[in-house]
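Every chain is numbered from 1 and lettered A, B, ... according to where its sequence line falls, protein lines coming before strand lines.
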Amino acid sequence: MTLKLKNIYSKLYKEYGAQGWWPINGKYHKGNYDFPKNTREQFEIIIGAILTQNTSWLQVEKALKNLRKLKCIDAEQILKLDKEILKEAIKPTGYFNQKTEYLIRIAEFYNQLRGKTPSRKELLAVKGIGPETADSILLYAYKQPEFVIDAYTKRILTHNGLIDETANYNKLKEMFEKNIEKDFKTYQEYHALIVEHAKNHYQKKPYGEKLTAKK
DNA sequence: AGCCAGGCTACCG
DNA sequence: CGGTAGCATGGC
């Protein structure tokens with residue numbers, strides 16, 4: 001398994017190159033792992049992680065654009081903003097009633113941290129933060145080596161017969177973390193590469209190209 | 001015209 | 001515990 005997961009990574013990296021996740025200000029930053037460079041960028045990643053729940057990134061960009069206009073890529077400002085205006089701003093991402101509450105919770109939480117890196121457990125205790133969102137925040141906003149599992153990851157692994165359908169989030173996460181180098185840059189790239197590959201071959205059935213097949 | 005998108009909570013058995 | 005309805009908009 002170790003070899004397989006490493007081989008898949010090399011194959012994807014060769015095919016697509018460095019992805020430069022997470023996007024900041026609507027832009028990727030391929031091969032540059034210095035982001036976020038400040039707390040504003042860090043907070044942008046955090047709210048993006050919430051807004052993208054079961055939602056395409058295109059929609060998230062629209063919401064972030066609205067929030068930028070409102071000077072709300074900032075925890076204090078989000079808490080000051082009228083709730084109805086906040087709802088309107090994030091409408092393009094869907095589930096805007098829930099997500100409005102989630103943004104307020106995470107803004108309060110972020111303020112309490114006062115710059116400290118949160119633990120995974122603390123993040124999971126915030127309403128609206130589940131395992132994938134927590135790991136995305138830790139990996140991309142805080143550069144912590146926490147592997148992110150999403151629907152694509154599971155789809156690709158099951159399609160390639162590397163894991164059975166019943167595997168849950170933690171089992172998948174554990175599998176990656178045990179078998180690849182524990183390094184936040186590798187984790188960032190691997191997850192991003194999986195998403196890129198899935199967008200190309202796994203959005204609609206029949207699911208494409210098996211990663212384990214030889215060329 | 002459906003189906004799906006970088007999920008989570010609440011509630012069910 | 002594991003399983004699932006409901007949440008909602010917009011792109012393709």
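- When rounded to the nearest whole Å, the span between CD1 of A:Ile45 and P of B:dG6 equals 18 Å.
- One interatomic measurement links the two molecules: CD1 of A:Ile149 to C1' of B:dG6, which rounds to 12 Å at whole-angstrom precision.
- The P atoms of B:dC3 and C:dA5 are separated by 15 Å, rounded to the nearest whole Å.
- Salt bridge absent: A:Glu132 and A:Lys173 never bring a charged side-chain N and a carboxylate O closer than 4.0 Å.
- Residue A:Trp21 and nucleotide B:dG6 are classified as a stacked aromatic pair, their ring centres being separated by less than 5.5 Å at an interplanar angle below 30°.
- For the P atoms, the distance from C:dT4 to B:dG6 is 23 Å, rounded to whole Å.
- At least one side-chain nitrogen or oxygen of A:Arg155 sits closer than 4.0 Å to the OP1 or OP2 atom of B:dA5.
- The CZ atom of A:Arg105 sits 10 Å away from the P atom of B:dT9 (whole-angstrom rounding).
- When the nucleotides B:dG7, B:dG6, B:dT9 are ranked by their closest atom to the side chain of A:Ala151, B:dG7 comes out on top.
- Of the residues listed (A:Phe147, A:Phe184, A:Tyr16), the one engaging A:Tyr190 in a ring pair (Phe, Tyr, Trp, His ring centres under 6.0 Å) is A:Phe147, and it is the only one.
- With hydrogens and angles left out, the side chain of A:Tyr28 and the base of B:dG6 share a donor-acceptor pair within 3.5 Å.
- Residues A:Asn97 and A:Lys87 form a side-chain contact, since some pair of their non-hydrogen atoms from C-beta on lies under 4.5 Å apart.
- The side-chain heavy atoms of A:Ile137 and A:Ile45, taken from C-beta on, include no pair separated by under 4.5 Å.
- Taking the ring centroids of A:Tyr207 and A:His201, they lie at or beyond the 6.0 Å cut-off.
- Residue A:Glu61 contributes atom CD, which lies 12 Å from atom P of B:dG6 at whole-angstrom precision.
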| query | How does DNA chain B look in dot-bracket form if you count Watson-Crick and G-U pairs under 3.5 Å, write [ ] for pairs that cross, and put | where a base pairs with another strand? | reply | .||||.|||||||
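- Rounded to whole Å, atom C1' of B:dG6 lies 16 Å from atom NE2 of A:His197.
- Atom OH in A:Tyr102 sits roughly 8 Å away from atom C1' in B:dG7 (whole-Å rounding).
- When the P atom is compared between B:dC8 and C:dG11, the two are found 24 Å apart, to the nearest whole Å.
- In this structure, A:Asn200 atom CG and B:dG6 atom C1' are separated by 14 Å, rounded to whole Å.
- Contact between the side-chain N/O atoms of A:Gln53 and the OP1/OP2 oxygens of B:dC4 is not found at any separation under 4.0 Å.
- Using a 4.0 Å cut-off between charged nitrogen and carboxylate oxygen, A:Glu44 and A:Arg40 count as a salt-bridge pair.
- A search for ring-ring contact (aromatic ring centres under 6.0 Å, His included) contacts involving A:Phe43 returns A:Tyr110, not counting sequence neighbours.
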| note | In 5'-to-3' order, the base (B), backbone-only (S) or no-contact (-) status of each nucleotide in nucleotides 7-12 of chain C, using a 4.0 angstrom heavy-atom cut-off, is BBSSS-
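- Among the candidates A:His191, A:Glu196, A:Gln203, A:Lys199, the single residue satisfying the side chain to side chain donor-acceptor pair (under 3.5 Å) test with A:Tyr152 is A:Gln203.
- The stretch residues 122-130 of chain A touches DNA chain B through A:Val126, A:Lys127, A:Gly128, A:Ile129, A:Gly130, each having a heavy atom within less than 4.0 Å of the strand.
- Stacking is found between A:Trp57 and the pyrimidine-like six-membered ring of the B:dG6 base under the 5.5 Å centre-distance and 30° plane-angle cut-offs.
- Look at A:Arg120 and A:Asp135 and you find a salt bridge, because one of the NZ, NE, NH1 or NH2 atoms lies within 4.0 Å of a carboxylate O, short of that distance.
- Both cation-pi conditions hold for A:Lys37 and A:Phe35: the charged atom is under 6.0 angstrom from the six-membered ring centre and inside a 45 degree cone around its axis.
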Below 3.5 Å is the cut-off: list the nitrogen or oxygen pairs between protein and nucleotides 11-13 of chain B, distance only.
none

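- Look at the C1' atom in both B:dT9 and C:dG10: the space between them is 24 Å, to the nearest Å.
- With contacts defined as side-chain heavy-atom distances shorter than 4.5 Å, the pair A:Glu41/A:Asn38 qualifies.
- Residues A:Val60 and A:Leu64 are in side-chain contact: their nearest non-hydrogen atoms beyond the backbone lie under 4.5 Å apart.
- Residue pairs that meet the ring pair (Phe, Tyr, Trp, His ring centres under 6.0 Å) test with at least one member in residues 53-93 of chain A, sequence neighbours left out, are A:Trp22-A:Trp57.
- Salt-bridge formation is not detected for the pair A:Lys6/A:Glu181: no Lys NZ or Arg NE/NH1/NH2 atom is positioned less than 4.0 Å from an Asp or Glu carboxylate oxygen.
- Between the C1' atom of C:dG2 and the OH atom of A:Tyr169 lies a distance of 18 Å, rounded to the nearest Å.
- Contact annotation: the side chain of A:Phe176 approaches that of A:Leu157 to within less than 4.5 Å [non-hydrogen atoms, C-beta and beyond].
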